K.L.:
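There's a structure below that I have some questions on.
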Amino acid sequence: MTVSRTEVPPPGAVVGRAVRALLSGTLAACLAVGCATPTPPPAVDVPVTEVQLSATGAIPAPRLAVIVVFDQLRADHLVRFAPRFLPATDANGAPGGFRYLMERGAWYPYAEHRQLQCMTCPGHANISTGAYPYRHGIALNSWYDGDKGEIYCLGDPDQKIVGLSDPSRSYGVSLANLKGPVFADALSFGGQDAKVVGVSLKDRGSLLLAGHDPDAAIWFDGTEGGWVTTTAVADTLPGWVVSLNDGLRARKGEPLTYPIEGPGVGLSDPIDDGFVWKFTVGDKRATYGPFGDELVVEAAIAALDAEDLGADDTVDFLGVSFSALDKVGHGVGPNHRVFEEMMVSADRSLSRLLQALDSRVGLENVVIAVTGDHGVAPLPAWSTRHKLPAQGFDEKLLGADLEAVLAGKFGVVPGHGWVHRVMRMNVYLNDAAGAAAGVDMAKVREATAAHFRPMPGFVHVFTSDDVAARRLPAGRFELQILRQYQPGRSGDVVLIPAPFNISGGAPANHMTGYTYDTHVPLLLGGFGVEPGVYAQSAEVVDVAPTLSFLSRVLPPALSEGRVLHEALAR
């Protein structure tokens with residue numbers, strides 16, 4: 001079952017297949033129709049691979065499973081920036097970054113988050129649980145509760161942060177809001193003592209991959225300039241994390257420069273010649289650039305060594321989420337030259353990780369999945385320049401206008417407002433105002449929807465009552481809504497903007513069900529993977545069941561994805 005490095009096709013053969021697949025109409029047609037449901041395979045005889053059991057009767061499995069998530073990695077980014085990526089292998093045979101997996105692994109150019117709103121927290125939860133928000137509960141990065149106010153997706157007031165020098169800054173996070181296990185949890189479900197580690201700049205990137213009982217789950221606190229964890233995982237930082245923080249403290253004040261030179265690939269908006277990124281170690285914004293990627297790789301490699309991941313026949317897990325791409329992308333948009341440089345940084349960081357895995361465990365003993373938690377829309381100014389109608393919504397103004405409309409229709413209620421918040425295209429209404437005024441809130445929800453429906457920039461508006469009664473727009477929108485909506489966490493009314501219209505406080509954003517937000521690449525490599533470019537339908541919820549199959553464990557309890565059988569070694 002193990003695929004050795006000598007058994008993969010030569011790079012030229014796979015690159016040729018990649019180019020032919022990308023230039024053919026197959027992938028374009030798949031994108032156009034949405035790749036709804038995989039066509040069942042024909043009922044014909046297929047060769048069955050003989051499974052060679054070990055002397056103890058064990059079925060072969062990898063020694064280490066790895067999920068790598070690049071925050072804000074859109075499907076087309078691997079194609080657009082491929083000329084800047086490292087070659088698949090160097091002169092010594094060491095693996096490169098994206099191209100190594102594009103040429104030596106299984107590449108699904110059009111994997112999907114097939115839901116209505118795409119963002120970091122639900123995206124990571126989709127990947128790790130193999131399920132969508134209607135099942136795992138993480139519908140948004142944050143939502144509004146009438147009694148508690150805004151609730152962060154991982155917010156947990158019963159927990160504290162470990163590793164802060166200033167305890168007054170502590171904020172509580174855990175997986176208490178997640179309604180089921182993740183792939184890393186499933187590794188231990190069968191009784192094996194799997195070691196599990198999660199690493200990311202963001203707490204949600206680390207915890208949602210590492211699961212409920214990891215050996216370590218760390219993220220980077222920019223204000224402190226060091227790695228932290230939560231009491232939900234441990235009361236103290238592991239020694240190897242303390243060492244990482246000691247090294248960063250010793251480097252505090254060190255200047256970091258990243259010059260941007262040359263023409264690039266020619267597909268990004270140009271910037272001034274001689275542009276240089278300048279940061280300082282210890283500055284909160286130092287992670288808004290390649291240094292953020294470097295920190296994550298160094299921490300992941302330290303975890304490999306300190307925790308002996310992949311050292312025995314038990315399948316261990318390493319979850320790595322790179323967040324710097326998202327930090328930069330929100331500010332400059334996906335068409336900026338600085339974003340291109342971040343993709344180059346991401347490629348180099350992935351190469352460092354793959355080389356560390358190869359030297360310590362052997363890539364033939366590792367199964368790795370690389371994907372994105374969401375894509376991103378162009379800046380409205382860029383879309384307008386290319387004659388695509390686009391605008392940015394100010395959600396505070398939307399909420400203020402709605403408040404005036406509802407007060408005019410249902411009356412002003414002293415001490416109450418009708419609108420709690422408009423956030424991420426979700427409208428949260430105040431039930432207490434309805435109770436005080438003796439008004440049926442169903443009428444308030446419908447009045448809210450009626451207010452937004454005629455507005456330019458919105459294609460659909462629906463209420464929680466519409467979801468319950470299945471009065472939803474037909475086709476893909478209905479599917480996306482039903483997979484997304486989480487009662488009590490999604491809004492009382494939800495707005496669906498037209499393509500290229502965005503909301504929120506960032507110049508560039510992601511929170512729709514359109515292809516630029518839903519479509520991400522999916523790369524598989526290592527143990528049990530059949531190299532090639534695959535136009536078959538794939539969703540990010542397929543990652544967990546596929547890794548579970550290769551790891552010989554039960555998929556996570558909520559999992560609804562499929563095993564990507566066509567990409568597995570025959």
Side-chain angles (χ1 to χ4, degrees), residues 71-72 113-126 132-134 136-146 148-155 177-178 202-205 208 323 326-327 329-331 333 373-377 379-380 390-403 419-430 445 448-449 451-452 455 457-464 466-467 477 480-514 516-518:
D71 202 329
Q72 205 177 118
H113 291 270
R114 204 166 287 176
Q115 65 188 58
L116 185 68
Q117 294 188 295
C118 295
M119 51 195 77
T120 301
C121 226
H124 280 78
N126 294 348
Y132 281 107
Y134 80 103
H136 62 60
I138 307 296
L140 303 157
N141 280 352
S142 59
W143 50 86
Y144 199 91
D145 182 286
K148 300 176 182 178
E150 184 171 346
I151 295 177
Y152 174 53
C153 64
L154 298 189
N177 292 325
L178 186 69
K202 297 180 179 180
D203 53 18
R204 51 192 182 267
L208 282 167
S323 311
D326 184 75
K327 289 174 177 282
H330 274 294
D373 58 345
H374 55 73
V376 66
L379 293 171
Q391 63 176 307
F393 295 107
D394 185 326
E395 293 184 322
K396 288 185 178 180
L397 289 179
L398 291 178
D401 290 344
L402 175 62
E403 181 67 41
V419 183
H420 276 312
R421 189 79 59 86
V422 179
M423 50 189 287
R424 298 178 177 88
M425 295 287 96
N426 285 252
V427 181
Y428 295 90
L429 298 171
N430 187 357
R445 291 189 288 270
T448 298
H451 168 67
F452 285 112
M455 284 188 180
F458 297 116
V459 295
H460 290 291
V461 180
F462 64 92
T463 69
S464 57
D466 293 329
V467 176
F477 278 127
Q480 291 178 328
I481 292 167
L482 294 177
R483 285 181 165 183
Q484 175 84 42
Y485 199 84
Q486 179 66 215
R489 296 181 179 181
S490 298
D492 298 291
V493 178
V494 180
L495 316 175
I496 302 180
F500 305 108
N501 292 335
I502 67 172
S503 67
N509 222 327
H510 49 83
M511 56 182 66
T512 76
Y514 299 119
Y516 50 75
D517 284 340
T518 61

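Bear in mind the structure is a predicted one, so any value in this text is a computation, not a measurement. Worth knowing before you read on, the calculation uses all heavy atoms, side chains too, and leaves out hydrogens, waters and symmetry mates.
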K.L.:
Do the side chain of Asn509 and the main chain of Ile502 share a donor and acceptor less than 3.5 angstrom apart?
P.N.:
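Pair absent, no side-chain N/O of Asn509 close to backbone of Ile502.
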K.L.:
Is there a donor-acceptor pair closer than 3.5 Å between any side-chain N or O of Gln480 and the backbone N or O of Gly513?
P.N.:
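Here the side-chain-to-backbone pair exists.
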K.L.:
Taking atom CZ of Arg421 and atom NZ of Lys396, what is their separation to the nearest 0.5 Å?
P.N.:
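Those atoms lie 8.5 Å apart.
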K.L.:
Could you give the distance from CE (Met119) to CG (Asp71), rounded to the nearest 0.5 Å?
P.N.:
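Nearest 0.5 Å value for the CE-CG distance: 12.0 Å.
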K.L.:
Specify the closest pair of heavy atoms between Ser503 and Met511, including all atoms of both residues, with the distance to one decimal.
P.N.:
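Heavy atoms only, the tightest pair is OG-SD, 3.0 Å.
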K.L.:
Do Pro507 and Leu379 have side-chain heavy atoms sitting under 4.5 Å apart?
P.N.:
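Pro507 reaches Leu379 side chain to side chain.
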K.L.:
Can you confirm whether Glu150 sits close enough to Ser142 that some side-chain heavy atom of one is under 4.5 Å from a side-chain heavy atom of the other?
P.N.:
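Touching, per the 4.5 Å side-chain cut-off.
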K.L.:
Is the shortest heavy-atom distance from the side chain of Val427 to the side chain of Leu398 under 4.5 Å?
P.N.:
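A side-chain contact is absent here, since even the closest heavy-atom pair is not under 4.5 Å.
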K.L.:
Apply the side chain to side chain contact (heavy atoms under 4.5 Å, CB included) test between Gln115 and each candidate in Thr518, Ile481, Asn126; give the one that qualifies.
P.N.:
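With Gln115 as partner, Thr518, Ile481, Asn126 yield a single side chain to side chain contact (heavy atoms under 4.5 Å, CB included), made by Asn126.
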K.L.:
Please give me the minimum heavy-atom distance between Pro122 and Ala139, naming the atom from each residue.
P.N.:
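Residues Pro122 and Ala139, closest heavy atoms: CG-O, 3.7 Å.
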K.L.:
Please walk me through it: do Leu429 and Thr448 pass side-chain contact (heavy atoms from CB on, under 4.5 Å)?
P.N.:
CA-CA 9 Å; Leu429 298 171; Thr448 298; 3.8 Å; yes
K.L.:
Could you measure the distance from the CG atom of Leu154 to the CZ atom of Arg204? Nearest 0.5 Å is fine.
P.N.:
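If I round to the nearest 0.5 Å, the distance is 8.0 Å.
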K.L.:
Within this structure, what is the CZ-CZ distance for the pair Phe452 and Phe393, rounded to the nearest 0.5 Å?
P.N.:
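Phe452 atom CZ to Phe393 atom CZ measures 9.5 Å (nearest 0.5 Å).
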K.L.:
Does some side-chain heavy atom of Phe462 sit less than 4.5 Å from a side-chain heavy atom of Leu495?
P.N.:
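The answer is no, as the side chains (C-beta and beyond) never meet within the 4.5 Å cut-off.
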K.L.:
Kindly give the heavy-atom pair with the smallest separation between Met425 and Phe458, and that separation in Å.
P.N.:
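Met425 and Phe458 have their closest heavy atoms at SD-CE2, 3.8 Å.
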K.L.:
Nearest 0.5 angstrom please: Cys153 SG to Leu140 CG, how far?
P.N.:
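Nearest 0.5 Å value for the SG-CG distance: 9.0 Å.
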K.L.:
Might you work through the side-chain contact (heavy atoms from CB on, under 4.5 Å) test for Leu178 and Leu208, ending with a clear yes or no?
P.N.:
CA-CA 9 Å; Leu178 186 69; Leu208 282 167; 4.2 Å; yes
K.L.:
Please check: side-chain N/O of His330 versus main-chain N/O of Ala508, any donor-acceptor pairing under 3.5 Å?
P.N.:
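Side chain of His330 to backbone of Ala508, a donor-acceptor pair under 3.5 Å: yes, one is there.
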K.L.:
Scan side-chain atoms only and decide if Asp373 and Gln72 contain a donor-acceptor pair under the 3.5 Å cut-off.
P.N.:
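No, Gln72 and Asp373 have no side-chain donor paired with an acceptor closer than 3.5 Å.
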K.L.:
List in chain and number order the residues that pass ring-ring contact (aromatic ring centres under 6.0 Å, His included) with His451, two or more places apart in sequence or in another chain; answer none if no residue qualifies.
P.N.:
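Applying ring-ring contact (aromatic ring centres under 6.0 Å, His included) to His451 gives none.
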K.L.:
Using side-chain heavy atoms (C-beta onward) and a distance below 4.5 Å, is Pro497 in contact with Thr512?
P.N.:
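Yes. Closest side-chain heavy atoms under 4.5 Å.
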K.L.:
Quick one: which residue pairs count as a salt bridge (charged side-chain N to carboxylate O under 4.0 Å, His left out) with a foot in residues 490-501, not counting sequence neighbours?
P.N.:
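For residues 490-501: none.
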K.L.:
Check whether any side-chain heavy atom of Leu116 lies under 4.5 Å from a side-chain heavy atom of Phe477, and answer yes or no.
P.N.:
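Answer yes - side chains close enough.
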K.L.:
So, do Val461 and Ile496 sit near enough that their side-chain heavy atoms are less than 4.5 Å apart?
P.N.:
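Val461 vs Ile496: side chains apart.
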K.L.:
Looking only at heavy atoms, which two atoms of Gly137 and Arg489 are closest? And how far apart?
P.N.:
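Looking at all heavy atoms of both residues, the shortest contact is O-NH1, 2.8 Å.
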K.L.:
Side chains of Asp326 and Ser323: donor-acceptor distance under 3.5 Å anywhere?
P.N.:
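Their side chains do not contain a donor-acceptor pair, so the 3.5 Å distance test is not met.
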K.L.:
Distance-only, no hydrogens or angles: does the Tyr132 side chain make a donor-acceptor pair with backbone N or O of Gln484 under 3.5 Å?
P.N.:
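Looks like no, no N/O pair under 3.5 Å.
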K.L.:
Do the non-hydrogen side-chain atoms of Trp143 and Asn177 ever get within less than 4.5 Å of each other?
P.N.:
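In contact.
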K.L.:
Does the His510 side chain pair with the main chain of Cys118, one donor and one acceptor, at a distance under 3.5 Å?
P.N.:
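Side chain of His510 to backbone of Cys118: a pair is present.
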K.L.:
Does a donor on one side chain sit under 3.5 Å from an acceptor on the other, for Asp517 and Gln117?
P.N.:
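Side chains of Asp517 and Gln117: no pair found under 3.5 Å.
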K.L.:
How close do Gly399 and Val419 get, heavy atom to heavy atom, and via which atoms?
P.N.:
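Closest approach of Gly399 to Val419, heavy atoms only: O-CG2, 4.2 Å.
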K.L.:
Is Asp466 reaching over with its side chain to a backbone N or O of Ser464, donor-acceptor style, under 3.5 angstrom?
P.N.:
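Side chain of Asp466 to backbone of Ser464: no pair is present.
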K.L.:
Can you see which heavy atom on His420 is nearest to which on Gly146, and at what distance?
P.N.:
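Distance-wise, the nearest heavy atoms are NE2-CA, 3.6 Å.
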K.L.:
So, taking the atom named NE2 in His113 and the one named NE2 in His374, what distance separates them when rounded to the nearest 0.5 Å?
P.N.:
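Nearest 0.5 Å value for the NE2-NE2 distance: 8.0 Å.
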K.L.:
Give a yes or no on whether the ring-centroid distance for Phe500 and Tyr516 is below 6.0 angstrom.
P.N.:
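Here the rings of Tyr516 and Phe500 have centres that are less than 6.0 Å from each other.
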K.L.:
Hey, are Tyr152 and Asp203 close enough side-chain-wise for a donor-acceptor pair under 3.5 Å?
P.N.:
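Yes, Tyr152 and Asp203 have a side-chain donor paired with an acceptor closer than 3.5 Å.
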